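Shown next, in structure tokens, is the structure this report addresses.
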Number of protein chains: 2
Amino acid sequence: MVEEQDEKILSELQKDGRATNQQLAETVGMSTSACWRRVRALEESGVIEGYAALVAREQAGFATSAILHVSLERHDVKFVDEFVARVMKRREVLECFATTGDADYHLRVVVRDMDAYNKFLDEFMFRIPGIRHVRTNVILKEIKTGVALPF
Amino acid sequence: MVEEQDEKILSELQKDGRATNQQLAETVGMSTSACWRRVRALEESGVIEGYAALVAREQAGFATSAILHVSLERHDVKFVDEFVARVMKRREVLECFATTGDADYHLRVVVRDMDAYNKFLDEFMFRIPGIRHVRTNVILKEIKTGVALPF
DNA sequence: TCCGTTTTGGAATATTCTACCGAATTATCC
DNA sequence: GGATAATTCGGTAGAATATTCCAAAACGGA
């Protein structure tokens with residue numbers, strides 16, 4: 001479904017989401033119109049979900065971030081759905097994964113400062129019904145934050 | 001340094017990194033030239049680190065992903081630097097954070113399948129010097145994978 | 001081989017970017 | 001407060017780019 005030439009396009013657009021169609025066509029080695037059609041097809045089929053500017057977290061005023069390990073009391077659909085629905089709404093939660101292991105969920109949360117993080121815990125996380133345990137791992141340093149799949 | 005109007009721009013460009021300058025100018029309520037200058041300033045100052053196409057992981061052929069908790073044996077600069085340097089090179093490692101808590105590092109790794117993950121562990125992770133412990137948490141479900149800071 | 005389908009490259013047109021202008025606004029100094 | 005300097009503004013024009021269209025080439029199956 002995703003051909004080799006598509007992977008080249010995706011790889012390039014992951015590195016530079018604003019590359020012009022001409023640059024793109026040249027680097028992947030096809031005509032501008034063929035390239036443009038492929039990109040459009042990738043967008044319409046949903047392989048390309050969208051485009052985003054990547055913003056420097058600290059410079060933008062978000063000094064604090066953490067990884068949370070969350071366990072639920074019970075795993076009824078009711079509680080799980082409620083948890084997922086609430087997490088989806090909170091924009092501080094950049095990522096949320098259901099995982100194997102001790103914790104049911106791994107969350108990455110980004111806020112302006114520690115106060116905001118405390119507030120996040122008190123006013124949001126601890127009020128979600130069915131939470132058994134929340135462990136906070138404050139992020140001391142971002143070694144790497146990538147979005148590009150390793151084609 | 002980042003003003004309110006800049007935050008509007010950043011917010012919009014995080015949602016649509018390929019929005020035209022005209023759309024952008026309209027949604028944030030300024031002239032195209034003023035808007036364009038601000039965007040350029042944000043790029044040149046490094047607040048906007050870049051732009052990226054967001055690619056659907058599974059559709060692109062990356063079925064398996066995991067979160068790794070990694071602890072180092074010792075924390076000499078020598079070992080830490082070596083670890084960081086190696087992790088930076090591996091494109092399967094999308095994210096790496098130094099954290100408080102039981103593990104020293106949280107990594108998110110994305111690969112095509114379980115075979116590739118095994119290989120990643122055997123041929124890369126377990127060969128890094130000074131590793132004390134690696135715990136794998138396979139990602140069962142991606143609830144949310146965002147890149148937009150919560151302005 | 002032949003025919004139907006898909007993909008291609010190139011050209012034409014529509015849209016957008018980018019640099020530059022003078023005017024307006026804001027900041028600075030006396 | 002008033003004059004001046006520095007910034008920021010909106011509008012515009014030429015260059016660059018995106019997007020559509022069409023005929024030709026490549027492909028696949030019977």
Side-chain angles (χ1 to χ4, degrees), chain A residues 1-62 112 146-151, chain B residues 1-63 112 145-151:
Chain A
M1 180 153 261
V2 173
E3 330 222 341
E4 189 185 327
Q5 229 156 6
D6 289 329
E7 293 199 351
K8 276 194 199 168
I9 290 177
L10 292 173
S11 185
E12 194 58 27
L13 282 179
Q14 282 187 144
K15 285 189 283 189
D16 180 6
R18 287 201 84 134
T20 67
N21 190 50
Q22 296 183 5
Q23 292 175 272
L24 199 58
E26 190 177 3
T27 56
V28 305
M30 44 176 133
S31 73
T32 57
S33 47
C35 181
W36 187 84
R37 269 189 300 264
R38 284 206 118 99
V39 171
R40 170 205 258 252
L42 289 167
E43 287 169 354
E44 291 186 347
S45 67
V47 176
I48 294 178
E49 294 175 330
Y51 299 88
L54 305 176
V55 178
R57 184 177 54 78
E58 295 221 16
Q59 281 196 65
F62 294 87
R112 293 195 179 270
V147 293
L149 300 174
F151 286 109
Chain B
M1 182 152 259
V2 173
E3 330 222 342
E4 188 185 328
Q5 227 155 8
D6 289 329
E7 293 199 351
K8 276 195 198 168
I9 290 176
L10 292 172
S11 185
E12 194 58 26
L13 283 179
Q14 283 188 146
K15 285 190 284 190
D16 180 6
R18 286 202 83 134
T20 67
N21 189 50
Q22 297 182 4
Q23 292 176 272
L24 198 59
E26 191 177 2
T27 56
V28 305
M30 44 176 134
S31 72
T32 57
S33 46
C35 182
W36 186 81
R37 270 189 299 263
R38 284 206 118 98
V39 172
R40 171 205 257 253
L42 289 167
E43 288 170 354
E44 291 186 347
S45 67
V47 176
I48 294 178
E49 293 175 331
Y51 300 88
L54 305 176
V55 178
R57 185 176 54 79
E58 295 221 16
Q59 282 196 65
F62 294 87
R112 294 198 177 268
T145 57
V147 295
L149 300 175
F151 286 109

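Here the structure is a predicted model, which means the values were calculated and not measured. Chain letters run A, B, ... following the sequence lines, proteins first, then strands; residues in each count from 1.
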- Item | N/O donor-acceptor pair, side chain Ser33(A) with base dG10(C), under 3.5 angstrom | yes
- Nearest heavy atoms of Ala25(A) and Thr32(A), plus distance in Å: CB-CA, 3.8 Å
- Message: Please give me the minimum heavy-atom distance between Gly46(A) and Ala56(B), naming the atom from each residue.
- Response: O-CB, 3.6 Å
Just how far, in rounded Å, is [atom2] of [N] from [atom1] of [X]?
X        : N       : atom1 : atom2 : answer
Arg38(A) : dA18(D) : CZ    : C1'   : 19 Å
Tyr51(B) : dC17(C) : OH    : P     : 11 Å
Gln5(A)  : dA26(D) : CD    : C1'   : 13 Å
Glu44(B) : dT18(C) : CD    : P     : 11 Å
Gln22(A) : dT19(D) : CD    : C1'   : 12 Å
Leu24(A) : dT17(D) : CG    : C1'   : 13 Å

- Shortest side-chain distance from Trp36(A), nucleotide among dC9(D), dT19(D), dG10(D): dT19(D)
- Would you mind telling me which of dG9(C), dG10(D), dC17(C) lies closest to the side-chain atoms of Met30(A)? dG9(C)
- Message: Is there a side-chain contact between Trp36(B) and Gln22(B) in this structure, where contact means two heavy atoms from C-beta onward sitting under 4.5 Å apart?
- Response: no
- Message: Less than 4.5 Å apart, side chain to side chain, heavy atoms only: is that true for Asp6(A) and Val47(A)?
- Response: no
- Message: Going by side chain to side chain donor-acceptor pair (under 3.5 Å), name the pairs with one or both residues in residues 10-21 of chain A, residues two or more places apart or in two chains.
- Response: Thr20(A)-Gln23(A)
- Task: Pull out every residue in residues 6-20 of chain A that has a heavy atom closer than 4.0 Å to any atom of DNA chain D, ordered by number, or say none.
- Result: Thr20(A)
- So, the side chain of Arg57(A) versus the backbone of Phe62(A): is there a donor-acceptor pair under 3.5 Å, distance only? yes
- Task: Could you pick out which residue, Arg37(A) or Asn21(B), lies toward the 5' side of DNA chain C when each is mapped onto its nearest nucleotide?
- Result: Arg37(A)
- Message: Side-chain N or O of Arg40(A) versus OP1/OP2 of dA18(D): is the shortest distance under 4.0 Å?
- Response: no
- side-chain hydrogen bond (donor to acceptor under 3.5 Å, both in side chains) filter on Glu44(B), not counting sequence neighbours, yields Arg40(B)
